Asker: 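My questions all concern the structure below.
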Amino acid sequence: MSAIIETQNLSKVYTARFGKGNVKALNNFSFSINQGEIFGLLGPNGAGKTTLVKILLGITFPTNGDAKVFGMKASNHKWKMKVGYLPENHRFPNYLTGEQVLGYYGRLSGMKNKAEMDKRIDEMLGLMRLTEWRKTKIKKYSKGMMQKIGLAQAMLSNPDLIFLDEPTDGVDPIGRKEIRDILTQIKSQGKTIFLNSHLLSEVEMICDRVAILNKGDLIKEGSVDDLTVSQDVFIIETGTPIDNESRASVLSIDSNAGIGESEINTSNGIETANRILDIFRSKRINIKNFNQKTSSLEEFFINVIKKEDAS
Amino acid sequence: MLTIIQNTFREALAKKIFIGYYIFYAIVILFMFFAANTDSIQGVMALADAKQAVTFVETGFLAIAFPLILFFSLISTSSFFPSMLEKGTIDLMISKPISRFNILLSKYLGAVLFVFASMVFLFGSIWLILSAKSGYWDVTFLFSIITMTLAFAVMYSIVILISILTQSTIVSILVNFFLIFVLCPILSSREIIIFPLIQNETVQFIFNFFYYIFPKPGEIKDITISILSEQPLNFWKTTAGENMQMTSAWMSMISSVIFCITITAASIYYFSKKDY
């Protein structure tokens, strides 16, 4: 797979006047995103997530390092024809109606064929369930509707790469589900999505790969499955209650094993888990389930940030 | 580029300040219409040479209204740039396949063209009323549309620079007020007002230096009036006669255009380097 976005030692320092109180927003950040991926960028407030997106889109300039999108320098505007962007707290001209907003940003995105653009506007308004609001000025839109029209403008020109900064901010649960479904649909078309979101459960559901940023540093990067799996914790569930003799045998192998009525968990790794399984098999106890324990992305994120802050 | 210009027109029409702006113009036009129909004016028109009478009214109107219209136009368009530079608006525009140079230039042209259209409406209506009433059809007065738009374009370059540096509408209005009504008139009349009082050559040099650097909206008005009243126009400004009568000069217009280009170039430079 080819990398669509690549950064090398990207750094950004916001300099305050007279040099006092400089803020390091990004620190030697290197990463890449492949075509067709849904990439989630996580981090607490002020971690540097929005700065990274802005550098990639040429809205902010890096202090050091290199950022390339579609093989071209981020500051070059020519590749932006292939990109859609939904900024956090976007402000569209409030004197325009929904369809006028889409028309305006569609033309700015380089859509020259009016008939084609009108067709796309119809499609997008339909997809976002905003067709009946198309002639209404957006100043009358609710927060959720504003997010949807924002998402529609980001997708209007059928871009290959979409940057979404908090796309479900202010959207109700049903709307969030709709947006998630739309993003999955876009992914199935081979598009690449770069997602900044505070809603970790959402990122977990949608993203293939995530990176965690804290105070400008990249702390973790990997697939959601890799990050949420707890490497050494295994759970064994039996079909019948565990007798006292078996309990004693398990404790002789792993004195710290947690033993329930029909469940055992061990944090001593796969070898210990196999030895426990051998005990059960020798005693002809049915094994109902054997799993490696996973934590939610939220749990993982909080643990990682806590550890990082403590160190 | 055309998309941003079109949107600037939409923004202009959507802003409530423009309702007041056009009501003001409509009142001016109506005033001219009724004044032209009063018995006394009709009597003067009948007695005097039509050309002389029309020129008198047109130059009188320009002398009074030129700086006011210029300032009103600047007030009503001064929020265009700060509103475009707001967070959530500018980042989305920069994310589109348009260069920052084009974004800035399109917005600037949009505002200038809007004012040009407003001037066509205002000056065109006044010209029609005066010409129809007097029967004297001379298009020279319509040249004011160009000079007024030019004066606006020059002063609006300051609005852009201040907006990029401070994102403040108020600061750009105050700076323009100071320039149009205080500093530029003082600099223009420095030979008559300041130099007889201050003989020091260094001070005089500083005044001259600033005079040539700063824009000269008042003198653009003087050029328009000179053309209308068929007075001589030199390249350099000269002071002559017992009353220290000044002649208008093309230099005023050229140096104002150079100022406009320099300030716009500086704005483009800052805009293309700035983080949003």
Side-chain angles (χ1 to χ4, degrees), chain A residues 12-15 25 50-51 53-63 69 72 74-97 100-101 103-112 117 137 139 146 150 153-154 156-157 159 161-163 165, chain B residues 1-19 21 76-77 79-107 109-111 114 163-167 169 268-276:
Chain A
K12 176 69 188 177
V13 178
Y14 288 109
T15 46
T50 300
T51 299
V53 173
K54 286 188 170 184
I55 289 175
L56 292 173
L57 285 162
I59 298 163
T60 293
F61 299 100
T63 312
V69 185
M72 282 184 258
S75 53
N76 188 336
H77 67 273
K78 286 175 183 159
W79 55 264
K80 292 180 186 170
M81 202 87 96
K82 301 180 190 175
V83 166
Y85 173 45
L86 172 67
E88 188 185 13
N89 301 323
H90 53 75
R91 291 172 71 109
F92 297 136
N94 64 3
Y95 46 84
L96 299 180
T97 64
Q100 283 172 337
V101 165
Y104 174 54
Y105 286 105
R107 283 190 295 276
L108 288 182
S109 301
M111 297 181 83
K112 285 180 181 134
M117 189 172 74
K137 286 199 173 160
K139 62 182 163 195
M146 285 297 276
Q153 77 71 33
L156 188 74
S157 60
L161 169 63
I162 305 174
F163 289 91
D165 205 348
Chain B
M1 197 177 229
L2 197 64
T3 307
I4 298 176
I5 292 174
Q6 272 176 350
N7 191 59
T8 309
F9 269 72
R10 267 184 181 155
E11 184 181 351
L13 295 169
K15 292 208 165 161
K16 283 182 182 147
I17 196 162
F18 277 93
I19 299 169
Y21 183 72
S76 50
T77 51
S79 65
F80 286 179
F81 267 87
S83 67
M84 184 187 81
L85 296 173
E86 276 176 3
K87 222 177 176 181
T89 303
I90 188 63
D91 28 12
L92 192 52
M93 283 188 95
I94 295 174
S95 77
K96 301 295 174 192
I98 329 157
S99 65
R100 291 190 184 206
F101 171 82
N102 268 347
I103 293 173
L104 189 130
L105 209 62
S106 310
K107 198 75 183 169
L109 281 178
F114 183 80
S163 301
I164 291 167
L165 295 176
T166 69
Q167 233 172 295
T169 307
I268 289 168
Y269 176 78
Y270 282 120
F271 185 57
S272 63
K273 299 277 173 203
K274 198 168 175 179
D275 287 337
Y276 286 99

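Computed from a predicted model, the values in this text were never measured in an experiment. Naming convention: chains lettered A, B, ... in sequence-line order (proteins, then strands); numbering from 1 in each chain.
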Asker: For B:E11, which atoms come within 4.5 Å of any heavy atom of chain A: side chain, backbone, both, or neither?
Answerer: both
Asker: If you draw a 6.0 Å radius around NZ in A:K137, do more than 12 non-hydrogen atoms from other residues or ligands fall strictly inside?
Answerer: no
Asker: Between B:F114 and B:F80, is the gap from one ring center to the other below 6.0 Å?
Answerer: no
Asker: Knowing that exactly one of B:I5, B:I4, B:N102 qualifies, which makes a side chain to side chain contact (heavy atoms under 4.5 Å, CB included) with B:K107?
Answerer: B:I4
Asker: Is A:K12 positioned over the aromatic face of A:Y14, cation under 6.0 angstrom from the ring centre and no more than 45 degrees off axis?
Answerer: yes
Asker: Could you look at A:F163 and say if it's the side chain, the backbone, both or neither that has a heavy atom under 4.5 Å from chain B?
Answerer: neither
Asker: Chain A heavy atoms under 4.5 Å from B:S106: which part of the residue, side chain, backbone, both or neither?
Answerer: neither
Asker: Where does B:M93 contact chain A at under 4.5 Å (heavy atoms): side chain, backbone, both or neither?
Answerer: side chain
Asker: Which one of A:Y85, A:F92, A:F61 has the most heavy-atom pairs closer than 4.5 Å to chain B?
Answerer: A:F61
Asker: Relative to chain B, which segment of A:I55 carries a heavy atom at a distance below 4.5 Å: side chain, backbone, both, or neither?
Answerer: neither
Asker: Does any backbone or side-chain atom of B:K87 lie under 4.5 Å from a heavy atom of chain A? Answer side chain, backbone, both or neither.
Answerer: both
Asker: Inspect the contact between B:D275 and A:K54 and indicate whether a charged nitrogen and a carboxylate oxygen are less than 4.0 angstrom apart.
Answerer: no
